[in-house]
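Atoms within a ligand are numbered from 1 in the order they appear, just like the ligands themselves.
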Amino acid sequence: QHLSGNEIRNIFLDFFAQRSHQVLPSASLVPEDPTVLLTIAGMLPFKPIFLGQRTPEFKRATTSQKCIRTNDIENVGRTKRHHTFFEMLGNFSFGDYFKEQAIAWGWEISTQVFGLSPKNLVVSVFRDDDEAFAIWRDQIGVPEARIKRLGEDDNFWASGPTGPCGPCSEIYYDFHPERGDENIDLEDDTRFIEFYNLVFMQYNRDATGNLTPLQNKNIDTGMGLERIAQILQKVPNNYETDLIFPIIQTAAQIAGIDYHSSDEKTKVSLKVIGDHVRSVVHMIADEIRASNVGRGYVLRRLIRRVVRHGRLIGISGEFTTQVAETAIALSESAYPNVRQREAAIKAELQREESNFLRTLDRGEKLLDEVINRISPIQQENDLPSPIREEYYHPSPLPKQNISGLDAFTLYDTYGFPLELTQEIAAENGLEVDVEGFNAEMQKQVERAKAAHETIDLTVQGSLDKLAEHIHATEFLGYSQSAATAKVE
Ligand code: ALA
């Protein structure tokens with residue numbers, strides 16, 4: 001019997017509790033830190049401690065932190081391991097233990113507690129971190145061939161362009177040790193998955209990129225719960241772990257299909273739904289509401305992607321509250337606030353979904369027309385034609401774009417987030433003229449400003465005008481004119 005996701009979480013926290021770590025609850029997805037929109041890592045709530053701005057109550061802490069990152073959203077469902085929502089298990093030292101102890105415990109919990117065979121483990125260290133290299137080799141006994149030195153992209157971790165950072169060392173699971181130590185390429189995700197990152201948090205980076213040592217040497221770690229669950233539950237990807245799969249099954253059931261016998265495209269849609277539903281449930285539980293700015297826009301965008309992927313697998317009616325129910329049931333033992341906020345979660349989803357569904361059909365039709373208008377030219381040019389090649393020297397294809405105005409109309413009238421239009425465009429080999437889109441957005445902002453000034457001048461007169469305007473406008477979707485959406 002494999003360990004469940006809930007058991008893995010508890011085992012991790014217990015292991016570090018027994019080693020004098022204070023078990024703290026997950027912080028909200030809405031960070032205190034103003035430099036990020038959402039909580040992106042387990043260390044975020046501790047940033048002021050690392051920076052020496054807050055004195056910790058405990059020298060050691062351990063958490064399971066709910067996190068959201070949207071930088072990999074295109075990969076969600078397409079790879080085995082990318083998510084928007086995920087849980088990060090972490091052990092932290094605030095000026096207490098450092099490299100040696102973090103590595104020793106990292107190895108102990110991986111091998112002794114979770115029972116991973118050392119034959120299946122490979123580690124990486126930062127390029128010139130000879131100290132970490134030596135600890136792995138001499139104290140832990142990892143063969144040199146299985147300790148890889150990597151550069152800044154992989155093995156120097158920072159929570160953002162500025163702030164606390166440091167070299168790190170990562171533990172990877174090797175699904176195919178039989179392929180040999182000579183051929184270790186940690187980028188190869190058919191063979192490796194990185195599941196535990198140990199960060200030696202010892203610098204602060206300022207706006208000019210300079211590193212200065214922090215007051216203390218700290219430890220920040222992150223073990224991806226979904227990833228370790230994939231390994232321990234022996235399933236082919238994170239989505240098929242017990243943390244997510246029941247959501248996928250609920251969606252498949254509503255669509256009247258079976259996950260395992262579905263084609264790849266359908267599986268991707270089911271995985272996107274499985275991932276995004278967890279995000280939206282926890283975001284609304286943490287009091288985020290859908291809107292056109294900031295976090296609210298991230299939420300709206302995620303909900304709309306869920307709805308659209310539902311349609312792609314053949315669901316025609318409303319379904320998000322049903323899949324949300326499964327997500328709530330799955331996580332309520334670890335995060336009781338999802339059940340407490342159940343009514344709010346379902347109401348928000350219901351409203352957003354029905355608003356979007358009202359215009360989705362017409363928006364999709366418009367987009368289809370736009371795509372069909374563009375694509376025939378491309379297909380003609382793409383046709384392998386020996387005659388053409390012999391007699392003509394066709395000039396390179398003009399870049400085929402969906403115009404900024406079309407993308408803006410889809411956004412403003414039909415509620416298609418720009419990224420959704422881009423995604424559908426990409427599925428058809430097209431691009432969206434983003435500059436043109438932004439220009440249209442700017443014009444809209446100016447129009448709104450002008451209208452606003454009128455209202456300021458003569459209140460009654462402009463109210464009449466406003467009423468006229470409302471009747472005259474074919475308003476189909478949500479629209480907040482001065483929408484300046486900034487994501488990530
Ligand atoms: N803060 C580190 C990470 O997010 C552990 O990978």
- Query: Do you see a donor-acceptor pair shorter than 3.5 Å between the side chains of Ser124 and Asn155?
  - Reply: yes
- Message: Check for me whether Arg149 meets the cation-pi criterion with Phe133, that is, NZ or CZ under 6.0 Å from the six-membered ring centre and within 45 degrees of the ring axis.
- Response: yes
- Message: With rounding to the nearest 0.5 angstrom, report the CG to SG distance, Asn197 to Cys168.
- Response: 4.0 Å
- Message: For a quick check under 3.5 Å, do Ser26 and Gln65 share a side-chain donor-acceptor pair by atom type?
- Response: yes
- Examine Arg9 relative to Phe12 and say whether NZ or CZ is less than 6.0 Å from the centre of the six-membered ring and inside a 45° cone about the ring axis. no
- Close residues, ligand 1: non-hydrogen atom nearer than 4.0 Å: Ala41, Met43, Arg69, Met88, Trp157, Asn197, Val199, Asp220, Thr221, Gly222
- Query: With under 30° as parallel and over 60° as perpendicular, where do the rings of His282 and Phe85 fit, or are they tilted in between?
  - Reply: parallel
